[in-house]
Amino acid sequence: MSAQIKLGFVPTRRSVFSAPDALKYRDLTAARLTELGIDFVDIKDINPEGLLFADEDVAKIAQKFRKEKVDGIILAHCNFGTEYVCARLAKELNLPVLLWGPLDERPLPDGRRLRDTQCGLFATGKVLRRFQVKFTYLTNCRLSDPVFERGLRDFMAVCNVVKTFRHIRILQMGPRPFDFWTTMCNEGELLEKFNIQLSPIPLPELIAEVKRIQAANEATEELEYLQDNTIIKIGQQKVSTVAALARAMKNLVERYGCQAGAIQCWTALQGELGIMPCAANAILNDMGIPVVCETDIHGAITALLAEAAVMQRSRSFFADWTVRHPDNPNGELLQHCGPWPISIAKDKPELTCPIAFSDEGSLSAEAKPGNKLTLTRFDGDNGEYSLLLGNAKSIEGPKILGTYMWVEVDNVKRLEEKIVTGPYIHHCVGVYEDVVPVLYESCKYLGIKPDLYDPIEEQVKAYLRGE
């Protein structure tokens with residue numbers, strides 16, 4: 001199910017320009033938003049004009065938008081606009097801001113100009129900077145221009161990423177495996193810098209919930225899901241344990257108010273349950289609850305951001321960068337032991353044994369092809385955080401155990417150097433859409449650095465400014 005984003009619609013004018021034309025474009029813009037199916041809250045009840053130009057209306061609008069729980073605001077300059085009240089409102093709300101105005105018409109025969117919208121946008125951009133308000137600029141265009149709808153929908157995706165990032169809570173199921181020093185994280189710093197919260201639980205709490213579910217036979221839905229969607233090559237008792245683990249993780253995610261999970265997938269779990277958790281992770285990943293391996297907290301954060309960027313339309317997959325393609329000089333293997341969502345498998349996956357372990361409970365399947373993938377990784381060390389971003393496309397390659405996809409990037413040596421020199425590790429998250437511009441733009445609101453592994457920053461900026 002696609003995410004629902006609500007926008008606050010703030011049409012603005014300045015008194016020395018045409019008020020009738022400002023009113024006209026307020027109504028035309030609202031009609032276009034309605035036509036596009038955008039959920040928005042207007043300000044028609046704030047003053048007789050339904051336009052922002054007076055300072056005394058700022059608090060009223062802010063109160064209304066908070067009550068309506070809007071996720072971002074549109075500062076629509078219906079003529080020049082009043083830049084300082086726009087900035088005061090944006091500062092008060094601390095939400096993503098879309099700055100836009102409709103393209104001006106030809107001047108009147110007598111030489112008068114009615115709106116001077118572009119000039120007002122220049123003014124508001126500067127004042128927003130003075131107020132230290134981050135904003136997204138949608139190029140001065142007509143309501144009917146394709147770039148208007150594209151920019152609006154991209155901004156809504158940015159709002160979804162920001163909304164997600166500001167409310168992250170992750171279920172940490174066990175500490176990281178001892179050998180995985182790469183997946184260590186700074187819990188206090190994540191909370192202090194970003195309000196990202198962890199809910200750590202010991203593995204015995206998870207195992208106790210699994211056994212309670214098994215005794216009560218409460219994992220029938222998960223069991224049916226595995227029976228219907230996988231080729232089962234392990235014993236029925238192990239299948240039941242996988243299903244119970246999936247239900248247990250879901251219960252604990254809900255109990256602790258989390259949106260994602262990170263699990264210590266080996267080796268203590270195998271001694272207690274006799275299974276790998278990969279297929280159980282896959283079930284939750286298909287539900288839209290990302291669960292990542294090796295207690296990789298940064299990986300779970302990445303998965304939430306990637307799925308927010310695609311507006312929850314599709315599922316993400318958590319992968320290792322592993323080995324080079326044997327034939328393609330820019331090919332690379334994305335693989336993991338078997339936690340990828342079943343919904344992205346090319347063919348029905350096998351429920352079997354993973355590549356590196358003897359315990360059962362993993363999926364094995366090649367992922368379906370994709371021509372424009374986004375691969376990303378939130379990570380940091382030494383107090384600095386960034387988001388690795390780039391594109392890839394799937395290619396043919398040798399059969400591999402586990403869940404996997406061979407991909408081609410523009411320059412694998414450049415990518416390799418970027419990951420090795422950090423702050424990244426061998427884990428990434430992929431989605432089947434090009435959302436690099438959305439994630440790039442989101443970084444300004446998140447307070448992290450966008451880090452493109454290909455030299456495409458100018459192309460991304462060109463896209464964002466409507467070219």
Would you say [X]'s side chain and [Y]'s backbone share a donor-acceptor pair under 3.5 angstrom?
{"X": "Thr376", "Y": "Leu389", "result": "no"}
{"X": "Thr136", "Y": "Leu98", "result": "no"}
{"X": "Thr322", "Y": "Leu333", "result": "yes"}
{"X": "Asn330", "Y": "Glu408", "result": "no"}
{"X": "Ser364", "Y": "Leu401", "result": "no"}
{"X": "Ser362", "Y": "Cys278", "result": "no"}
{"X": "Asn285", "Y": "Val291", "result": "yes"}
{"X": "Gln259", "Y": "Arg169", "result": "yes"}
{"X": "Lys238", "Y": "Glu360", "result": "no"}
{"X": "Thr302", "Y": "Val429", "result": "no"}

Partner residues of Glu254 under the side chain to side chain contact (heavy atoms under 4.5 Å, CB included) criterion, sequence neighbours left out: Lys250
All side chain to side chain contact (heavy atoms under 4.5 Å, CB included) counterparts of Ala157, not counting sequence neighbours: Met311, Val438
Shortest non-hydrogen contact between [X] and [Y], atoms and distance:
{"X": "Pro398", "Y": "Pro326", "answer": "CG-CG, 3.8 Å"}
{"X": "Ala262", "Y": "Ile297", "answer": "CB-CD1, 3.9 Å"}
{"X": "Ser316", "Y": "Pro341", "answer": "O-CG, 3.2 Å"}
{"X": "Ala87", "Y": "Leu128", "answer": "CA-CD2, 3.8 Å"}
{"X": "Thr403", "Y": "Pro339", "answer": "OG1-CD, 3.5 Å"}
{"X": "Gln335", "Y": "Gly402", "answer": "NE2-CA, 4.2 Å"}

Cationic tip of Arg166 above Tyr445 ring, under 6.0 Å, 45° of axis: no
Give the intermediate values and the outcome of side chain to side chain contact (heavy atoms under 4.5 Å, CB included) for residues Leu36 and Phe148. CA-CA 11 Å; Leu36 293 172; Phe148 176 76; 4.1 Å; yes
Rounded to the nearest 0.5 Å, how far does [atom2] of [Y] lie from [atom1] of [X]?
{"X": "Ile342", "Y": "Lys348", "atom1": "CD1", "atom2": "NZ", "value": "10.0 Å"}
{"X": "Ile344", "Y": "Ser314", "atom1": "CD1", "atom2": "OG", "value": "9.5 Å"}
{"X": "Lys163", "Y": "Leu95", "atom1": "NZ", "atom2": "CG", "value": "10.5 Å"}
{"X": "Ile425", "Y": "Ile419", "atom1": "CD1", "atom2": "CD1", "value": "10.0 Å"}
{"X": "Glu366", "Y": "Glu396", "atom1": "CD", "atom2": "CD", "value": "6.5 Å"}
{"X": "Ile196", "Y": "Ile170", "atom1": "CD1", "atom2": "CD1", "value": "6.5 Å"}

Run the ring-centre check on Phe194 versus Tyr385 and record whether the distance is less than 6.0 Å.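 Ring centres of Tyr385 and Phe194 closer than 6.0 Å.
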Please list all pairs passing the salt bridge (Lys or Arg N to Asp or Glu O under 4.0 Å) test where one or both residues lie in residues 440-453, with sequence neighbours left out.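 Matches after skipping sequence neighbours: Lys418-Asp451, Glu441-Lys444.
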What pairs meet the salt bridge (Lys or Arg N to Asp or Glu O under 4.0 Å) rule with one or both residues in residues 196-217, with sequence neighbours excluded?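 As it turns out, the salt bridge (Lys or Arg N to Asp or Glu O under 4.0 Å) pairs with a partner in residues 196-217, which skip direct neighbours, are Glu209-Arg212, Glu209-Arg255, Arg212-Glu218.
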Is it the case that atom [atom1] in [X] sees more than 12 heavy atoms from other parts of the structure closer than 6.0 Å?
{"X": "His426", "atom1": "NE2", "result": "yes"}
{"X": "Asp228", "atom1": "CG", "result": "yes"}
{"X": "Gln63", "atom1": "CD", "result": "no"}
{"X": "Glu384", "atom1": "CD", "result": "no"}
{"X": "Gln227", "atom1": "CD", "result": "yes"}

When Leu171, Val210, Asn281 are each screened for side-chain contact (heavy atoms from CB on, under 4.5 Å) with Met249, the one that passes is Asn281
Run the side-chain hydrogen bond (donor to acceptor under 3.5 Å, both in side chains) check on Thr295 and Gln172 step by step: do they pass? CA-CA 7 Å; Thr295 325; Gln172 179 183 327; 6.0 Å; no
Worked verdict on Leu223 versus Gln236 for side chain to side chain contact (heavy atoms under 4.5 Å, CB included): CA-CA 10 Å; Leu223 186 58; Gln236 188 57 42; 3.7 Å; yes
Counting C-beta onward and ignoring hydrogens, is there a side-chain heavy-atom pair between [X] and [Y] closer than 4.5 Å?
{"X": "Leu152", "Y": "Ile74", "answer": "yes"}
{"X": "Gln197", "Y": "Leu191", "answer": "yes"}
{"X": "Glu332", "Y": "Val409", "answer": "no"}
{"X": "Lys64", "Y": "Asp42", "answer": "yes"}
{"X": "Leu334", "Y": "Leu375", "answer": "yes"}
{"X": "Glu92", "Y": "Arg88", "answer": "no"}
{"X": "Asn391", "Y": "Asp434", "answer": "yes"}
{"X": "Met173", "Y": "Gln264", "answer": "no"}

Residue pairs fulfilling ring pair (Phe, Tyr, Trp, His ring centres under 6.0 Å) with at least one residue in residues 244-278, sequence neighbours excluded: Phe180-Trp266, Trp266-Phe357
Applying ring pair (Phe, Tyr, Trp, His ring centres under 6.0 Å) as the test, list every pair that has at least one member in residues 306-335; sequence neighbours left out.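 Listed by first then second residue: Phe317-Trp340, Phe317-Tyr432, Phe318-His336, Phe318-His427, His325-Trp406.
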Run the salt-bridge test on [X] and [Y] with the 4.0 Å N-O cut-off and return the result as yes or no.
{"X": "Arg315", "Y": "Asp286", "value": "no"}
{"X": "Arg377", "Y": "Asp379", "value": "yes"}
{"X": "Glu35", "Y": "Arg32", "value": "yes"}
{"X": "Arg153", "Y": "Glu149", "value": "yes"}

Applying side chain to side chain contact (heavy atoms under 4.5 Å, CB included), run through Ser442 and Leu305 and close with a yes or a no. CA-CA 10 Å; Ser442 298; Leu305 296 183; over 6 Å; no
Run the side chain to side chain contact (heavy atoms under 4.5 Å, CB included) test on Ile231 and Thr352 for me, step by step, so that the C-alpha distance in whole Å, both residues' side-chain angles and the decisive distance to 0.1 Å come before the verdict. CA-CA 9 Å; Ile231 299 170; Thr352 182; over 6 Å; no
